[in-house]
Structures are given as C-alpha cells and as structure tokens.
Amino acid sequence: MSRIFEPTRLKDLVDRYHPGEKLEPAVVQLLLEIAEEFIDDVARRSCELAKHRKSKKLEVQDVQLHLEKTWNMKIPGFCGSSVRRRHHLLDSTRKRLNVLRGSKDSRRKRGRPRQEEKTSSSVQDTSSKQQRKS
C-alpha cells in the first residue's frame with residue numbers, strides 16, 4: 001500500500017515548526033494512520049456529495065461542504081461560497097413560508113378568530129354592554 005505521507009515528510013514538517021523535536025516511531029505511525037483515515041473519509045464523503053448532486057465530477061464545493069459541516073474547517077481561498085448558497089436557499093424558503101403564512105392569516109380572517117382575538121373581542125363586547133346599560 002502506498003502512503004499519502006511518508007514518515008520523512010512528517011519529520012520535515014515537525015522540524016519546520018519545532019526544530020530539534022524528535023517523534024517516537026509509534027507516534028509517527030499513529031499520525032500517518034490518522035492522516036490517511038482523514039483523507040479517505042473526506043474523499044469518500046465528498047464523492048457521496050457529488051453523487052447526490054448527480055454529478056460524475058468531484059468538485060471543490062463537495063470537499064468544502066463536507067469539511068465545513070463535519071469538521072468545521074474552512075478552505076483558504078474557497079470559504080464562503082457554499083455558505084452563501086445555503087443562505088440563498090434559506091431566503092427562498094423564508095419567502096415561501098411567508099407566502100404560506102400570509103394565506104393562513106387571510107383564511108383566519110374569513111373563518112373563526114384565533115383564541116387571542118376571541119378574548120380581546122369578548123373584553124370589548126363586555127365593555128360595550130356595560131356602556132349601553134349606563
């Protein structure tokens with residue numbers, strides 16, 4: 001099995017940020033396994049998202065969406081586009097909901113009043129009856 005990262009590459013990375021630091025062989029193995037599992041998972045889930053979009057091509061937006069939603073990670077230079085698309089969908093959903101709410105309100109006005117409307121109108125009826133008696 002070929003490795004995505006070689007142990008020497010991992011050691012170079014550690015030397016870049018912590019010169020002179022040595023990793024135990026067991027730590028190197030563990031970090032390499034975690035990195036490979038992470039990349040396998042991201043690739044698999046991103047492909048599932050592309051398939052869900054009915055696309056035969058894996059695109060940056062698929063990887064980006066998986067990383068943002070599952071791992072809360074942003075890709076530098078690409079962050080924000082899926083979030084904007086989601087807000088756009090939410091805006092259109094909000095508009096549809098407002099239209100539905102508006103039609104429900106108009107039906108209520110024609111039909112039975114809401115409970116709040118009953119109580120406020122009964123209070124007004126009582127006060128008007130008392131005014132007529134006087």
Side-chain angles (χ1 to χ4, degrees):
M1 180 174 119
S2 66
R3 293 198 169 269
I4 295 171
F5 294 111
E6 294 298 323
T8 54
R9 176 72 179 118
L10 184 60
K11 289 175 185 174
D12 291 343
L13 188 63
V14 170
D15 282 340
R16 181 188 303 169
Y17 295 103
H18 296 284
E21 189 73 35
K22 300 292 179 204
L23 296 176
E24 293 181 10
V27 173
V28 170
Q29 276 306 115
L30 179 65
L31 289 174
L32 291 174
E33 286 176 25
I34 290 171
E36 287 182 12
E37 286 177 17
F38 176 76
I39 290 172
D40 284 342
D41 177 64
V42 170
R44 183 175 47 82
R45 300 278 178 123
S46 300
C47 287
E48 289 172 2
L49 289 170
K51 191 175 182 178
H52 179 73
R53 287 188 302 108
K54 297 178 176 54
S55 175
K56 293 183 180 186
K57 235 191 244 187
L58 180 64
E59 295 179 6
V60 172
Q61 69 184 19
D62 303 313
V63 177
Q64 177 186 2
L65 183 63
H66 172 67
L67 290 175
E68 284 181 11
K69 299 302 176 189
T70 306
W71 297 99
N72 197 25
M73 293 173 65
K74 309 273 190 235
I75 302 173
F78 293 100
C79 65
S81 65
S82 71
V83 173
R84 266 187 263 129
R85 190 181 82 217
R86 178 154 169 74
H87 286 304
H88 174 71
L89 292 175
L90 288 176
D91 289 341
S92 63
T93 303
R94 275 190 217 114
K95 288 176 186 174
R96 277 186 262 145
L97 286 173
N98 288 337
V99 168
L100 288 173
R101 286 184 190 125
S103 65
K104 283 181 184 178
D105 288 342
S106 66
R107 276 188 266 149
R108 280 193 185 120
K109 289 177 185 173
R110 289 181 290 184
R112 289 186 337 170
R114 288 192 220 167
Q115 187 63 30
E116 303 139 9
E117 293 170 351
K118 282 182 182 178
T119 56
S120 65
S121 64
S122 63
V123 169
Q124 290 173 353
D125 290 343
T126 310
S127 63
S128 62
K129 286 179 186 177
Q130 288 174 355
Q131 287 176 355
R132 287 185 212 148
K133 288 181 182 178
S134 345

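Here the structure is a predicted model, which means the values were calculated and not measured.
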Quick one: do Asp12 and Arg9 make a salt bridge, cutoff under 4.0 Å?
no
If you compare all heavy atoms of Leu58 against all heavy atoms of Cys47, which two are closest, and at what distance to 0.1 Å?
CD1-N, 3.8 Å
Minimal heavy-atom distance between Asp41 and His66, with the atoms involved, is OD2-NE2, 3.5 Å
Atom CE of Met73 and atom CD of Gln64: how far apart are they, to the nearest 0.5 Å?
12.0 Å
Let me check something: do Leu30 and Leu13 share a hydrophobic cluster, defined by ILVMFWY side-chain heavy atoms less than 4.5 Å apart, either directly or through other members?
no
May I ask you to test the Asp62-His52 pair for a side-chain heavy-atom distance under 4.5 Å?
no
Here the gap from Arg53 atom CZ to Glu48 atom CD, rounded to the nearest 0.5 Å, amounts to 13.5 Å
Residue list, salt bridge (Lys or Arg N to Asp or Glu O under 4.0 Å) with Asp40, at least two apart or on another chain:
none
When rounded to the nearest 0.5 angstrom, what is the spacing between CG in Leu49 and CD in Glu59?
11.5 Å
